[in-house]
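When reading the values below, keep in mind they use all heavy atoms of this one structure, side chains included, and skip hydrogens, waters and symmetry mates. Every chain is numbered from 1, with letters handed out A, B, ... down the list of sequences.
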Amino acid sequence: MKESAESLNFIEHIIEEDLTNGFPSEKLRFRFPPEPNGYLHIGHAASICLNFGLGEKYNAPVNLRFDDTNPAKEEQEYVDAIKRDIAWLGFKWANECYSSDYFQQLYDWAVMLIKEGKAYVDQQTSEQIAEQKGTPSTSGTPSPFRERPIDENLELFEKMKKGEFPAGSYLLRAKIDMASPNMHMRDPILYRIINAAHHRTGTNWCIYPMYDWAHGESDYIEQVSHSFCTLEFKAHRELYDWYLDQVYDSNLLRPKQREFARRNLSYTVMSKRKLLELVQNKVVVGWDDPRMPTISGLRRRGYTSRSIRKFSDLAGIAKRDNVTDVSLLEFCIREDLNKTATRVMAVLNPVKLVITNFPEGKVEILEMENNPEQPDSGTHEVPFSRELYIEREDFKEDGGKNFFRLSLGNEVRLKSAYFIKGESVVKDDVGNILEIHCTYDPDSRSGSGSEASQRKVKGTLHWVSISHAIKAEVREYDRLFLEEAPDSHEEKNFMEFLNPNSLTIIKEAYLEPFLADAILDDKYQFQRLGYFTLDQDSTKSNLVFNKTVGLKDTWAKQNTEVQVQSQPKPQAPAQPQGQRKALNEIQQISKKITNLSGEKLETALNSIREYAEDVTFEELEPLFGTAAKKTGTRIGVILTLNVMLKNGQAKNQAVIDFIQSCLTDENDILRSEAEKLA
RNA sequence: UGACCGAUGGUGUAACUGGCAACACGUCUGAUUUUGGUUCAGAAGAGUCCAGGUUCGAGCCCUGGUCGGUCAACCA
């Protein structure tokens, strides 16, 4: 029912089409096939949500299959972590499978291939084989062992299996087509010898199947109907199908591979190899460092599984390259935590506030609501006394018009407590503020219902009572990289873009005493600051909180904008001339030109004139015929023409006709430019 | 230089067999608010890479181009 109005992604279209073509829906079956060589990241979450989401939508089983065909890279630790992460995301797999469970079947099929003359044992070096492979534009040459007799192949393959050869000395290859335009079809390797203990099969095997040989056949064995993978496997599809053809029995279901684009996130990297590099170089503390885009990192940071699933849902799935802005992820976690996190008060950068007319030694216990978004979430108690901490940023001696917080002579509310008025400051020799003195209005207690408690003020501050506050360490995180797409630069390594300030540790933050009982996985909103959760490093005596994400902060934004404006603007990077033809740039700019006005319009016109210097008449001439309704393009053309004629280009009949047609156009720019030339 | 894939606001995705380009994030207003949060109301922002063609009508179909990506590991 909820689906009725929803639009489908292209994967769902494929399935719907199969269904309407008669594919029985009860045979739908999917799989998520990670290699256990690293931790899952938010990109995998897209694939997990896709496959398991499909399973939920079509009520079909989804297998978790570990693609464990390379014992040199894979470890049990990763298997465990992957299972933990998927379970945490809230998905249930139908079967826990391993490619290694199929080693015998795969071996038997390989023997069959040899017997049919479709596979042979090669004994060349990897260099020789690479050499013979050719290039994408030139065909390969056959191996000298390609025509080895079947009996000999059988015998050698048997010996490979028995461990009679050293690693790297022999291979089993499929005999397909060394001239195929698809490199993967040029006699791909089926088996290689690896002398390493496998995390499940131990030393039972010393020959291991390659990905292509194992993957499609595993799908087939499990009777997976739709096998979804990322775009870089598109070229493998032909081989996937070829391998399937060799073993396919028409009574059984034939799996179908389709590809989608991997999900990239801005300001981070998203490949296991690069994430491993961050871990190994100790840029981060581990795979679950809260700055990592791994599922475990996000979890430790305080993200909920709900928010990650929501993110995958909103980001969608398609076939084009993408870099999704982290702001979408942040939106998802804020939206979730806003409804669920308990509101508390904590002061991260304290300054002492003394309420001069509040009795010394007196303590009041105030009630504070746990979550205003959920009226039935109850309240908790907060002690209030004469000496408090407030944030240093919440006070300015002379705030000015747009400063809603505490300043001298001004009144603000202390959250859930009283109204106070700034009276004076105590400073040290060099002018640092040591204490702020204020007075409070005893009639204004929050919730008392008194008239005084209902006054309207612009500012409300959070606070903690100094004598009751508990200390804690707070870790704040910023993006790991300073560049939006750190791994998209050919000439630079992604490590060069690391943000040196991605972690800020506040050793002594002051929290309201309620937080002493916080436990792992509790989610809190430190009011006016952001969402926080306990880190796994936390102990009862030494609390450690992670900042998950800040609150939206229009005040901070205003402030930084002022700062940015007062600094000289960095010049726009030099035009990447030659990257794209000048004429193309002109077309790109000019199509939008009718939407512009004022300064922006001028800038656009000028940059067209600049590009025009690099356009030849031969390039421009075809555009004289541009349809009359495409005013923008025509403006670009006439501007370019203007520059050309100025540079000595002679007019021909086409030019004259074009100028004529512009003279009668409705658009003012077009007309006036044409008049200059008439 | 080959083969394959892709191109829709700043970002990510929609638009079922052609029919006024939609949604979300982000941005900007205003209102509300005991969080400069939330919520609510609204706005700006895309002539769908370019040029032709077919059509009454093209983001979608056809032709030609441009740009970007992928493919030549005994990795997956």
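For the OP1/OP2 pair of U34(B) and a distance below 4.0 Å, the side-chain nitrogens and oxygens of Lys456(A) include at least one atom meeting the criterion. Phosphate proximity of G36(B) to Arg528(A): present, with a side-chain N or O under 4.0 Å from OP1 or OP2. Within the structure, a side-chain polar atom (N or O) of Thr554(A) is placed less than 4.0 Å from OP1 or OP2 of G37(B). Checking the phosphate oxygens (OP1, OP2) of C74(B), no side-chain nitrogen or oxygen of Arg173(A) falls inside 4.0 Å. Distances shorter than 4.0 Å separate some side-chain N or O of Lys557(A) from OP1 or OP2 on C28(B). An OP1 or OP2 oxygen of U1(B) is reached within less than 4.0 angstrom by no side-chain nitrogen or oxygen of Thr138(A). Contact annotation: Arg192(A) reaches the phosphate of A76(B) (side-chain N/O to OP1 or OP2, under 4.0 Å).
Look at U39(B): its Watson-Crick or wobble partner, with both distances under 3.5 angstrom, is A31(B). Judged by Watson-Crick or G-U wobble contacts below 3.5 Å, the nucleotide C71(B) has G2(B) as its partner. In this structure, A22(B) forms a base pair with U13(B), meeting either the Watson-Crick or the G-U wobble geometry with both donor-acceptor distances under 3.5 Å. In this structure A7(B) sits in a base pair with U66(B), meeting the Watson-Crick or G-U test at under 3.5 Å. Nucleotide U54(B) is matched to nothing when pairs are restricted to Watson-Crick or G-U wobble geometry with both distances under 3.5 angstrom. Summarising the base pairing, G59(B) is matched to no nucleotide, lacking a Watson-Crick or G-U wobble pair whose two defining distances lie under 3.5 Å.
Side-chain to base pairing of Gln454(A) with U34(B): no donor and acceptor N or O lie closer than 3.5 Å to each other. Between the side chain of His236(A) and the base of A76(B) there is at least one donor-acceptor pair of N/O atoms closer than 3.5 Å. No donor-acceptor contact under 3.5 Å links the side chain of Thr460(A) to the base of U35(B).
The six-membered or imidazole ring of Tyr303(A) lies away from that of Phe311(A), with a centre-to-centre distance of 6.0 Å or more. When ring centroids are compared, His236(A) and Tyr240(A) stay outside the 6.0 Å threshold. Taking the six-membered ring for Trp and the full ring otherwise, Phe66(A) and Tyr98(A) have centroids separated by under 6.0 Å. Checked against a 6.0 Å centroid threshold, the rings of Tyr39(A) and Tyr78(A) count as neighbours.
Nucleotides U8(B) and G12(B) have their C1' atoms positioned 12 Å apart, rounded to a whole Å. A44(B) and G10(B): their P atoms are spaced 16 Å apart (whole Å). Taking atom C1' on both nucleotides, G52(B) is separated from G69(B) by 26 Å, rounded to a whole Å. Nucleotides C50(B) and U33(B), compared at atom P, are 48 Å apart to the nearest Å. Nucleotides C60(B) and A7(B) place their P atoms 11 Å apart, quoted to the nearest Å. Rounded to the nearest Å, the gap between the P atom of C61(B) and that of A24(B) is 27 Å. Distance noted for atom C1' between G9(B) and C40(B): 25 Å (whole Å). A distance of about 23 Å separates the C1' atoms of G47(B) and G26(B), rounded to the whole Å.
With its ring centre under 5.5 Å from that of the base six-membered ring and a plane angle below 30°, Trp555(A) counts as stacked on G36(B).
In summary, Glu391(A) and Arg528(A) do not engage in a salt bridge, as defined by a charged side-chain N under 4.0 Å from a carboxylate O. A salt bridge links Asp441(A) with Arg455(A): at least one charged nitrogen is closer than 4.0 Å to a carboxylate oxygen. Using a cut-off of 4.0 Å between Lys/Arg side-chain N and Asp/Glu carboxylate O, Asp487(A) and Lys274(A) are scored as salt-bridged. Salt-bridge check for Glu259(A) with Arg237(A): passed, with a basic side-chain N closer than 4.0 Å to an acidic carboxylate O.
Counting non-hydrogen atoms under 4.0 angstrom, Gly447(A) reaches a base of the nucleic acid. Nucleic acid contact for His184(A): sugar-phosphate only, since backbone atoms but no base atoms lie under 4.0 Å from a heavy atom of the residue. Counting any heavy atom pair closer than 4.0 Å across all strands shown, Pro34(A) reaches no nucleic acid atom. Counting non-hydrogen atoms under 4.0 angstrom, Gln124(A) reaches a base of the nucleic acid. Nucleic acid contact class of Phe403(A) (heavy atoms, under 4.0 Å, all strands): base. Among the atoms of the strands shown, none is found under 4.0 Å from any heavy atom of Tyr191(A). Residue Glu35(A) is in sugar-phosphate contact alone, with no base atom involved, counting any heavy-atom pair closer than 4.0 Å across all strands shown. Within 4.0 Å of Arg343(A), counting heavy atoms only, lies at least one base atom of the nucleic acid. In this structure, Ser266(A) reaches neither bases nor backbone, as no heavy-atom distance under 4.0 Å exists between it and the strands shown.
Put simply, CD on Glu259(A) is 19 Å from P on A3(B), counting in whole angstrom units. Summarising the geometry, the separation between CG on Leu239(A) and P on A72(B) is reported as 13 Å, rounded to the nearest angstrom. The CE atom of Met345(A) sits 19 Å away from the P atom of G37(B) (whole-angstrom rounding). Separating the CD atom of Gln527(A) from the P atom of G37(B) is a distance of 13 Å, rounded to the nearest angstrom. Going from atom CD of Glu238(A) over to atom C1' of U70(B) covers 15 Å, rounded to whole Å.
In this structure, Lys159(A) is not positioned above the aromatic face of Tyr170(A) in the sense of NZ or CZ being under 6.0 Å from the six-membered ring centre and within 45° of the axis.
Among the nucleotides U34(B), C71(B), U35(B), the one closest to the side chain of Pro372(A) is U35(B). The side chain of Pro136(A) approaches C71(B) more closely than any other nucleotide in the set U35(B), C5(B), C71(B). Of the listed nucleotides (U34(B), U35(B), G36(B)), U34(B) has the atom at the smallest distance from the side chain of Ser446(A).
Positionally, the nearest nucleotide of RNA chain B for Ser416(A) lies more toward the 5' end than for the other of Ser416(A) and Asp68(A). Between Ile193(A) and Leu529(A), the residue anchored nearer the 5' end of RNA chain B, judged by the nucleotide with its closest heavy atom, is Leu529(A).
Within 6.0 Å of CD in Glu393(A) there are more than 12 heavy atoms belonging to other residues, nucleotides or ligands.
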Dump every N/O contact between nucleotides 38-43 of chain B and the protein below 3.5 Å, one line per pair.
{"from": "U38(B)", "atom 1": "O2'", "to": "Asn338(A)", "atom 2": "ND2", "distance (Å)": "3.4"}
{"from": "U38(B)", "atom 1": "O2'", "to": "Glu373(A)", "atom 2": "OE1", "distance (Å)": "3.0"}
{"from": "U38(B)", "atom 1": "O2'", "to": "Glu373(A)", "atom 2": "OE2", "distance (Å)": "3.2"}

Quiz prompt | Gln124(A) vs Asp122(A), side chain to side chain donor-acceptor pair (under 3.5 Å): CA-CA, chis, key distance, verdict | solution = CA-CA 6 Å; Gln124(A) 302 180 91; Asp122(A) 202 338; 3.1 Å; yes
Quiz item: For nucleotides 12-25 of chain B, read 5' to 3', which letter fits each nucleotide if B means a protein heavy atom sits under 4.0 Å from the base, S means only the sugar-phosphate is that close, and - means neither?
Solution: SBSS--------SS
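Partners of Ser266(A) by side-chain hydrogen bond (donor to acceptor under 3.5 Å, both in side chains), not counting sequence neighbours: none found.
The closest side-chain heavy-atom distance from Ser218(A) to Arg65(A) is below 4.5 Å.
If you take OH on Tyr102(A) and OG1 on Thr69(A), they are separated by 13.0 Å, rounding to the nearest 0.5 Å.
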